[in-house]
Amino acid sequence: MGLLDVILGRSKPVRPDLDQLFAVPSAALTLQAAVGFAPTGLGSVCFAGVEGGGFARLQEDVRELLDADTERGGVPVEFSRDAYGYTWLLARHPADDSAALVNDLHAVNTLLQDGGFGPHLLCSLIGFRDAEGRALALVYLYKRGTFYPFAPLPDDAEKRDNQLELQVRGVLGDDLRVEKDLSRWFPVWGAPGL
């Protein structure tokens with residue numbers, strides 16, 4: 001950061017640290033023990049769609065990489081587009097194999113980043129449920145290198161369980177780099193994997 005940046009109040013953006021994703025399996029154990037939320041085995045990556053042959057080839061490379069185990073009983077990945085035009089990739093694994101799910105999400109993020117599409121990556125999420133069926137997601141913000149909890153209220157149109165989100169923040173503070181700025185805890189309504 002230069003002197004002009006300091007004078008003008010500009011800050012240097014945080015470099016993404018994809019290795020933060022590898023802390024999720026440990027955090028999942030803490031989350032289950034502390035508040036009763038267990039992994040669902042579902043996770044997704046969200047990115048802004050890009051047109052062009054290079055991106056289409058990269059998307060096929062991602063599909064081939066993650067679908068490699070379908071002949072051995074693995075579930076193929078699914079691509080979808082949300083109402084805002086963002087592309088989602090949904091990966092599925094057994095609920096008790098958070099490490100494999102995180103490896104897939106890390107691989108997707110890395111392929112997109114290394115392919116020059118890092119600026120288009122938005123977030124990754126890992127889904128959880130409790131015994132009552134309530135949903136919770138740990139959302140990784142690519143551009144911030146941080147996580148935040150997202151807990152939609154069950155059977156309610158676009159309302160969040162803020163109390164649960166703050167409780168999860170407190171529980172996972174030692175396991176994950178939790179986003180401190182609550183205004184960046186964006187809702188991900190209807191996200192695949194939630």
Side-chain angles (χ1 to χ4, degrees), residues 1 5 10-25 27 40-70 74-93 98-128 135-150 152 158 160 165 176-194:
M1 217 163 76
D5 291 328
R10 294 184 214 149
S11 62
K12 190 174 184 179
V14 176
R15 288 190 40 85
D17 181 4
L18 292 175
D19 289 345
Q20 292 296 316
L21 288 168
F22 293 122
V24 170
T40 61
L42 302 175
S44 54
V45 175
C46 180
F47 49 93
V50 179
E51 300 301 323
F55 186 75
R57 279 190 300 281
L58 186 60
Q59 197 169 356
E60 277 307 307
D61 290 346
V62 167
R63 183 182 301 276
E64 285 177 23
L65 173 69
L66 299 185
D67 285 351
D69 69 343
T70 54
V75 179
V77 297
E78 299 171 22
F79 283 93
S80 63
R81 205 168 218 149
D82 67 16
Y84 301 102
Y86 295 110
T87 301
W88 288 86
L89 175 140
L90 175 66
R92 299 173 192 268
H93 281 275
S98 295
L101 178 63
V102 166
N103 284 339
D104 280 359
L105 299 179
H106 186 275
V108 171
N109 280 285
T110 301
L111 281 171
L112 289 167
Q113 178 179 278
D114 292 350
F117 297 101
H120 299 281
L121 282 164
L122 300 175
C123 68
S124 296
L125 70 83
I126 298 94
F128 295 82
L136 173 74
L138 291 180
V139 181
Y140 175 75
L141 291 172
Y142 175 79
K143 290 177 176 65
R144 305 275 298 169
T146 57
F147 289 87
Y148 68 89
F150 174 67
E158 297 190 354
R160 299 165 76 163
E165 290 177 357
L176 298 175
R177 188 183 299 163
V178 178
E179 176 59 48
K180 292 180 175 142
D181 184 354
L182 298 182
S183 69
R184 297 200 182 261
W185 290 22
F186 305 110
V188 286
W189 306 118
L194 186 58

* Trp88: side-chain hydrogen bond (donor to acceptor under 3.5 Å, both in side chains) partners, not counting sequence neighbours -> Asp82
* Considering residues at least two apart in sequence or located in another chain, which fulfil the side-chain contact (heavy atoms from CB on, under 4.5 Å) criterion with Asp19? -> Asp17, Phe22, His106
* **Tyr140 side chain reached by Val45 side chain, heavy atoms, under 4.5 Å** => no
* To do: Can you sort out the partners of Pro119 under side-chain contact (heavy atoms from CB on, under 4.5 Å), two or more places apart, ordered by chain and number?
  => none
* Carefully, step by step, assess Asn109 and Ser124 under the rule side-chain contact (heavy atoms from CB on, under 4.5 Å). => CA-CA 8 Å; Asn109 280 285; Ser124 296; 2.9 Å; yes
* Which atoms form the tightest heavy-atom contact between Leu136 and Pro149, and what is the distance? -> CD1-CB, 4.1 Å
* Answer yes or no: is there a side-chain heavy-atom contact under 4.5 Å between Ile126 and Ser98? => no
* Tell me, please, which residues at least two apart from Phe150 pass ring-ring contact (aromatic ring centres under 6.0 Å, His included). => Trp189
* To do: Working to the nearest 0.5 Å, report the span between CG of Leu101 and OG of Ser44.
  => 9.0 Å
* Kindly write out the residues that satisfy side-chain hydrogen bond (donor to acceptor under 3.5 Å, both in side chains) with Thr40, not counting sequence neighbours, or none if the list is empty. => none
* Structure fact -> Nearest heavy-atom contact between Gln113 and Leu121 is N-CD1, 4.2 Å
* Closest contact, heavy atoms only, Ala135 versus Pro152 -> O-CD, 3.8 Å
* Asked: Can you tell which of Glu179, Arg177, Lys180, Gln20 makes a side chain to side chain donor-acceptor pair (under 3.5 Å) with Thr146?
  -> Glu179
* **With sequence neighbours excluded, residues passing side-chain contact (heavy atoms from CB on, under 4.5 Å) with Ala99** => Pro25, Asp97
* With Asn103 via side-chain hydrogen bond (donor to acceptor under 3.5 Å, both in side chains) - residues at least two apart -> none
* Structure fact -> Output for pair (Leu122 CG, Phe47 CZ), nearest 0.5 Å, gives 9.5 Å
* Asked: How close do Val24 and Leu176 get, heavy atom to heavy atom, and via which atoms?
  -> N-CD2, 4.2 Å
* Taking the side chain as C-beta and beyond, is there a heavy-atom pair between Phe147 and Leu125 under 4.5 Å? -> no
* To do: Identify the heavy atoms of Cys123 and Val139 that sit nearest to each other, and give their distance.
  => CB-CG1, 3.9 Å
* **Side-chain touch Val188/Cys46, heavy atoms, less than 4.5 angstrom** => no
* Sequence neighbours excluded - salt bridge (charged side-chain N to carboxylate O under 4.0 Å, His left out) pairs with any residue from residues 108-123 -> none
* To do: Would you check if Arg160 and Pro187 make a side-chain contact, meaning some heavy-atom pair closer than 4.5 Å?
  => yes
* Which residues share a side-chain contact (heavy atoms from CB on, under 4.5 Å) with Phe186, sequence neighbours left out -> Leu141, Tyr148, Arg184
